[in-house]
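Notes follow the structure.
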Protein chains: 2
Amino acid sequence: MSVAKYLKPTESELEILQVLWEKQNASVRDVHEELAKVKDVGYTTTLKLMQIMFEKGLVKRDASFKTHIYEASVSKKKAQKHLLKKMINTLFSGSSTELVIQALGNHKTSPEELNEIQQFLDNLKKR
Amino acid sequence: MSVAKYLKPTESELEILQVLWEKQNASVRDVHEELAKVKDVGYTTTLKLMQIMFEKGLVKRDASFKTHIYEASVSKKKAQKHLLKKMINTLFSGSSTELVIQALGNHKTSPEELNEIQQFLDNLKKR
DNA sequence: CCCAAATTACGATAAATTTCGTAATAAAAA
DNA sequence: TTTTTATTACGAAATTTATCGTAATTTGGG
């Protein structure tokens, strides 16, 4: 196996993970109501997706009560790290510098944020 | 329509675009041989995918000869811009700074590259 | 205890993606 | 010209993802 399945969320799965990362843990209804704000989708669709995610190991759940409580089994940071790396490799010839420059160039970044990044760079160089 | 289809390449389509961006233009065989280096896949599969990409408008092709010559119809830069933006929104709460720090933190970046980025930042601040 | 409301389980279907075999076509070689 | 070789076209099947209706289950209220 090249990469574990839980690091390859689909679009819909990622949307659900978003909610779980934000709320820490949530029932299907909680998640569904968040999704329903921005998406026209049925409750059982969300339920089914979350059940599948459970089978894949993408989420954990506490089933001791009628209403199961779900939680992401991958941290947001880990997912970010993995997907970012993948993007750097597939779209930026493996160069994180290229990606950084692209990211800063395309989006308007405030002076405060630029300072923050510069400070971060300075710290990196010190090591 | 929310987003044009050509900005939503699938995994396999992205692999093919990689090759086309690198080679500028290429026949199905050219592309296939590149893919075959890293992937076990049949020739007609690559062909079919490229035909579908043509129908979607993801690639252009010159069919005046028997062997059609393909070319990406989206620039690498444009695809980078779009997919990066999408990732920032879905995974980094819309903050490019967050993404940048994550990207630099996770990958070992050489002092030369760090300097390059700093220079880039300085130029950004001047405007 | 029984019922109503909410939830999960299940299964079927649809849609999109990926795969490849076979046939048709074109070009090059003999 | 005939044969061989390479390529494209076509269509079907397999796989993955997304959708939702209906049935079964659980639980809290009356």
Side-chain angles (χ1 to χ4, degrees), chain A residues 1-20 23 25-71 83 90, chain B residues 1-20 23 25-36 38-71 83 86 90:
Chain A
M1 199 195 306
S2 56
V3 181
K5 193 88 185 189
Y6 66 88
L7 287 175
K8 278 191 174 182
T10 66
E11 289 277 309
S12 305
E13 288 171 345
L14 201 49
E15 288 174 343
I16 289 170
L17 285 176
Q18 292 298 313
V19 179
L20 291 178
K23 293 190 182 300
N25 47 231
S27 66
V28 173
R29 181 145 308 275
D30 294 336
V31 171
H32 176 65
E33 268 165 17
E34 277 305 308
L35 295 187
K37 285 180 186 169
V38 292
K39 201 185 177 186
D40 186 26
V41 69
Y43 173 81
T44 48
T45 301
T46 305
L47 168 66
K48 182 71 170 187
L49 279 173
M50 289 177 73
Q51 286 171 341
I52 290 171
M53 289 170 79
F54 174 70
E55 284 163 24
K56 286 185 183 173
L58 249 147
V59 298
K60 293 178 280 192
R61 75 180 176 193
D62 176 355
S64 34
F65 303 97
K66 182 192 177 186
T67 300
H68 300 179
I69 298 299
Y70 288 77
E71 179 186 0
L83 295 173
T90 58
Chain B
M1 197 196 304
S2 57
V3 182
K5 191 88 184 191
Y6 66 88
L7 288 175
K8 278 190 174 181
T10 66
E11 289 278 309
S12 306
E13 288 172 344
L14 200 50
E15 287 174 342
I16 288 170
L17 284 177
Q18 292 298 312
V19 179
L20 290 178
K23 293 190 183 298
N25 46 232
S27 66
V28 173
R29 181 145 311 272
D30 294 335
V31 171
H32 176 65
E33 269 164 18
E34 277 305 307
L35 294 187
V38 292
K39 201 186 178 185
D40 186 25
V41 70
Y43 173 80
T44 48
T45 301
T46 305
L47 168 67
K48 183 68 169 188
L49 278 173
M50 290 177 73
Q51 287 172 341
I52 290 170
M53 290 170 79
F54 174 70
E55 284 163 25
K56 285 185 184 173
L58 252 150
V59 297
K60 294 177 281 192
R61 74 181 174 192
D62 176 357
S64 33
F65 303 98
K66 183 190 176 186
T67 301
H68 301 177
I69 299 300
Y70 288 77
E71 179 187 359
L83 296 173
K86 190 165 138 191
T90 60

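Below, each value reflects all heavy atoms present in this structure, side chains not excepted, and no hydrogens, waters or symmetry copies. A note on names: the letters A, B, ... follow the listed sequences, proteins ahead of strands, and every chain is numbered from 1.
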_Residues which pass ring pair (Phe, Tyr, Trp, His ring centres under 6.0 Å) with Phe54(A), listed by chain and number, not counting sequence neighbours_ = none
[X] [atom1] - [N] [atom2] separation (whole Å):
X: Glu11(B); N: dT18(C); atom1: CD; atom2: C1'; value: 12 Å
X: Met53(A); N: dT8(C); atom1: CE; atom2: C1'; value: 17 Å
X: Lys8(A); N: dT18(C); atom1: NZ; atom2: C1'; value: 13 Å
X: His68(A); N: dA6(C); atom1: NE2; atom2: P; value: 17 Å
X: Phe54(B); N: dT8(D); atom1: CZ; atom2: P; value: 12 Å
X: Ile16(A); N: dT17(D); atom1: CD1; atom2: P; value: 13 Å
X: Glu13(A); N: dT17(D); atom1: CD; atom2: P; value: 7 Å
X: Glu55(B); N: dT17(C); atom1: CD; atom2: C1'; value: 14 Å

_If the cut-off is 4.0 Å, is Gln51(A) near the phosphate of dA9(C), judged by side-chain N/O to OP1 or OP2?_
yes
_For Tyr70(A) versus Leu20(A), what's the shortest heavy-atom pair and its separation?_
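So the two residues come closest at O-CD2, 3.9 Å.
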*Distance-minimising heavy-atom pair for Lys23(B) and Glu34(B)*: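 Of all heavy-atom pairs spanning Lys23(B) and Glu34(B), the closest is CE-CG, 3.5 Å.
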*What are the residues of residues 30-38 of chain A, sorted by number, that bring a heavy atom to within less than 4.0 Å of DNA chain C?*
none
*With a 4.0 Å heavy-atom cut-off, tell me which residues in residues 41-50 of chain A come close to DNA chain C, sorted by residue number.*
Tyr43(A), Thr44(A), Leu47(A), Lys48(A)
Within this structure, what is the [atom1]-[atom2] distance for the pair [X] and [Y], rounded to the nearest 0.5 Å?
X: Ser12(B); Y: Lys48(B); atom1: OG; atom2: NZ; result: 14.5 Å
X: Leu49(B); Y: Ile16(B); atom1: CG; atom2: CD1; result: 4.5 Å
X: Glu13(A); Y: Glu11(A); atom1: CD; atom2: CD; result: 10.5 Å
X: Met50(A); Y: Leu58(A); atom1: CE; atom2: CG; result: 11.0 Å
X: Lys60(B); Y: Ile69(B); atom1: NZ; atom2: CD1; result: 14.0 Å
X: Thr46(B); Y: Gln51(B); atom1: OG1; atom2: CD; result: 11.0 Å

*So what does Ile52(B) hit on the nucleic acid, given a heavy-atom distance under 4.0 Å: a base, only sugar-phosphate, or nothing?*
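Base contact - Ile52(B) has a heavy atom under 4.0 Å of at least one base atom.
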*Which one, dT7(D), dA18(D), dT17(C), comes nearest to the side chain of Arg29(B)?*
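In terms of side-chain proximity for Arg29(B), the closest of dT7(D), dA18(D), dT17(C) is dT7(D).
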*What nucleotide, of dT17(D), dT8(D), dT17(C), holds the atom closest to the side chain of Thr10(B)?*
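Minimum distance to the Thr10(B) side chain belongs to dT17(C).
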*Where along nucleotides 23-28 of chain D does protein come under 4.0 Å, by heavy atom, of base (B) or sugar-phosphate alone (S), with - for untouched nucleotides?*
---BS-
*Kindly say whether Leu47(B) contributes a backbone atom to a donor-acceptor pair with the side chain of Thr44(B) at under 3.5 angstrom?*
no
*For Lys66(A), what residues pass the side chain to side chain contact (heavy atoms under 4.5 Å, CB included) criterion, not counting sequence neighbours?*
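Residues passing side chain to side chain contact (heavy atoms under 4.5 Å, CB included) with Lys66(A): none at all.
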_Residue list, side-chain hydrogen bond (donor to acceptor under 3.5 Å, both in side chains) with Lys86(B), at least two apart or on another chain_ =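 By the side-chain hydrogen bond (donor to acceptor under 3.5 Å, both in side chains) rule, Lys86(B) matches no residue at all.
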